Amino acid sequence: MKKVLVTVIALSTFMSAYAGGLLTNTNQSVHFLRNPARDASMEIDAVYTNPAGLAFMNGEGYFFSLNNQSAFQKRTITSEFAPFAGYGGDAEKKFEGETKAWVIPNLQFAYKKGDWVVSANIGAVGGGGTVDFSKGLPSFESTVSVIPLLLNGLTQSTNFGGYALESQLKGSSIIYGAQVGASYAANEHFSVYGGLRYNYVNNGYEGYLRNIQIGMGGNLVPAAVLLENPNMAPLTPLLSEKQLDCKQTGSGIAPIVGWDFNWKNLNVGVKYEFKTRIELKNKTDIDETGLFPDGEKTDYDIPALLAVGAQYAIIPSVKVSAGYHHFFDSDAKMANGKQEYINGGINEYLLGAEWQINKMFLVSAGGQITRTGVKDEYQSDMSFSLHSYSVGLGGAINVTKNIRVNLAYFFTNYSDWTKKSADYGNVNALTQGLFPATAGTDTFSRTNNVFGIGLDFRF
């Protein structure tokens, strides 16, 4: 159980990345949801996507964008492990975790005067939800499922068979970001940007493994009864109930630089966000695992990000756009050194288009292909990353000259990842060769749907 729970810190990646890297949300506005290829934007959403491009916004004065997104995710881990048959009679089980985040707000602001623009972005730059595995995880249950086999090996009998348990793991994670900076148009074609983002991480974990019962002579016997037998003392770490209630906080600052080139109908934007160095500190109320001492610190760096995009106006009312993102995940320190199991980092490829139908209505759509750089060793039931493609669509309504409403829907389709010969917390080593090694297979899958509504206004 100790080895199983030591990686629970990585659970925060479950809540992260509605769109973006392992710890980064790139969907900072409804503009992104209706067309993800926004890396060369020259509108108010460029505060996040292409801050140097703000220097080429139309008009001067104050610009605001208020956004809310509602995100719904499901993560499914289908595990096949022979000892699972002792609880329900089926060696294959599904463990599902659901996330519902109705309110993910964001505020973007810019003030333009002449060649200068000052801007700010406040929102959830990572995470933003709570995932609840109401039946725990396969790595939790597998530790209990082998106990009857282990007992039969220790006692040289076949008196033990079957088990039951109650298990749950719930985690929440959010990274609040406050970004400020300034853009400057060096001439009519080139502009630059410099800024900073302060990131504050707030994670929480609650879980338990309790009411463990082991089949003995055809009846389920509470683990506490078995532990009354002195001969069962070596099994205490497997049979003891566990409970966890821990919160983690930490913060860090990342510099951000940008560059923009504008020529007639073409605009090109580049942004680089430096790595955010963060250490999380535990605030532990209950830790029956002994793994989360109050005050202990853990690495939790937010990777650097390079974003490059281009936008071209085919005609004044029709624009096409493309973008590329690279997250430098291998260079960011993670809990338990998991960055060693990442081959470079995540790459994203984006395409989009928009059509201004008339003065009042605009429609847009786009897509994103994500290729994760993680290796097979990275994947576990607590932390996994999948290849995917996303599609966003929606539109905008110009209510007045200075007020616009944005509406959008965004979904992601993930490719399953199957990891064979999963050892679920090294349970085979725990059995000390008392029965043949029992391998398993995990298949990781995920769904994601996001709805957004936003309001842009200026004066």
Side-chain angles (χ1 to χ4, degrees), residues 26 28-32 34-65 108-121 179-195 197 255-273 305-326 348-357 359 362-366 368 392 396 398 401-402 404 406 454 456-459:
T26 54
Q28 289 299 296
S29 72
V30 180
H31 307 77
F32 175 94
R34 61 179 174 81
N35 173 13
R38 302 293 297 180
D39 300 296
S41 172
M42 293 180 288
E43 300 180 22
I44 181 60
D45 68 303
V47 171
Y48 176 81
T49 59
N50 180 31
L54 292 170
F56 298 121
M57 282 195 306
N58 291 325
E60 293 187 341
Y62 296 91
F63 298 77
F64 294 86
S65 182
Q108 301 193 23
F109 160 80
Y111 173 70
K112 183 182 178 184
K113 182 68 174 178
D115 295 328
W116 286 93
V117 181
V118 293
S119 60
N121 176 70
Q179 174 184 327
V180 295
S183 308
Y184 174 69
N187 55 46
E188 61 179 328
H189 299 299
F190 295 96
S191 63
V192 294
Y193 170 84
R197 180 183 298 121
I256 304 171
V257 295
W259 169 85
D260 192 90
F261 170 73
N262 184 264
W263 180 270
K264 296 183 179 180
N265 296 339
L266 175 67
N267 193 68
V268 178
V270 178
K271 179 184 72 168
Y272 183 78
E273 299 184 4
L305 164 64
L306 173 65
V308 181
Q311 175 181 280
Y312 184 76
I314 301 174
I315 57 176
S317 61
V318 177
K319 297 177 182 178
V320 293
S321 54
Y324 168 72
H325 301 160
H326 178 73
E348 295 178 336
Y349 309 89
L350 308 99
L351 288 172
E354 69 176 40
W355 174 29
Q356 186 71 54
I357 301 173
K359 291 183 178 180
L362 176 148
V363 293
S364 63
Q368 171 179 294
N398 292 320
K401 181 181 178 180
N402 296 327
R404 181 170 73 171
N406 294 288
D456 300 340
F457 58 97
R458 55 184 290 186
F459 58 86

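All of these numbers come straight from a predicted model, not from anything done at the bench. Quick note: numbers below take in every heavy atom, side chains included, and nothing from hydrogens, waters or symmetry partners.
- Taking the side chain as every heavy atom from C-beta outward, Val320 and Gln311 never approach each other to under 4.5 Å.
- In this structure the side chain of Tyr193 reaches within 4.5 angstrom of the side chain of Ile256, judged on heavy atoms.
- The two residues Gly352 and Ala37 come nearest to each other via the heavy atoms N-CB, 3.8 Å.
- In this structure, the side chains of Ser119 and Val180 stay at 4.5 Å or more apart for every pair of heavy atoms.
- Side-chain contact between Leu362 and Glu354: present, with at least one pair of heavy atoms (C-beta onward) separated by less than 4.5 Å.
- Considering only residues two or more places apart in sequence or on other chains, Phe56 meets the ring pair (Phe, Tyr, Trp, His ring centres under 6.0 Å) condition with none of them.
- Once rounded to the nearest 0.5 Å, the distance linking CG of Leu54 with CD1 of Ile44 reads 6.5 Å.
- In this structure, Asn50 and Val270 approach most closely via the heavy-atom pair OD1-N, 4.0 Å.
- Classified by interplanar angle (parallel below 30°, tilted 30° to 60°, perpendicular above 60°), the ring pair Phe261/Phe190 is tilted.
- No option in Arg38, His31, Gln108 other than Arg38 meets the side chain to side chain donor-acceptor pair (under 3.5 Å) test with Asp45.
- Checked by atom type and distance alone, the side chain of Asn121 never pairs as donor or acceptor with a backbone atom of Val47 at under 3.5 Å.
- Between Lys359 and Asn398 the shortest heavy-atom distance is O-ND2, 2.8 Å.
- Annotation: side chain of Thr26 is in contact with side chain of Phe32 (closest heavy-atom distance under 4.5 Å).
- In terms of heavy atoms, Gly114 sits closest to Glu60 at N-OE2, 2.7 Å.
- Within a 6.0 Å sphere centred on CG of Asn187, heavy atoms belonging to other residues, nucleotides or ligands number more than 12.
- Residues Lys319 and Ile314 form no side-chain contact, since every pair of their non-hydrogen atoms from C-beta on lies 4.5 Å or further apart.
- Shown here for Ala185 and Ser191, the closest heavy-atom pair between the two residues is CA-CB, 3.9 Å.
- In this structure a side-chain-to-backbone donor-acceptor pair under 3.5 Å is present from His189 to Asn262.
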Do Lys112 and Phe63 pass the side-chain contact (heavy atoms from CB on, under 4.5 Å) test, and can you show the C-alpha distance, the side-chain angles, and the key distance before you say yes or no?
-> CA-CA 8 Å; Lys112 183 182 178 184; Phe63 298 77; 4.3 Å; yes
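- Ala110 and Val117 make their closest contact through CB-CG1, 4.0 Å (heavy atoms, listed as atom of the first residue, atom of the second, distance).
- Separating the CG atom in Asp260 from the OG atom in Ser183 is a distance of 9.0 Å, to the nearest 0.5 Å.
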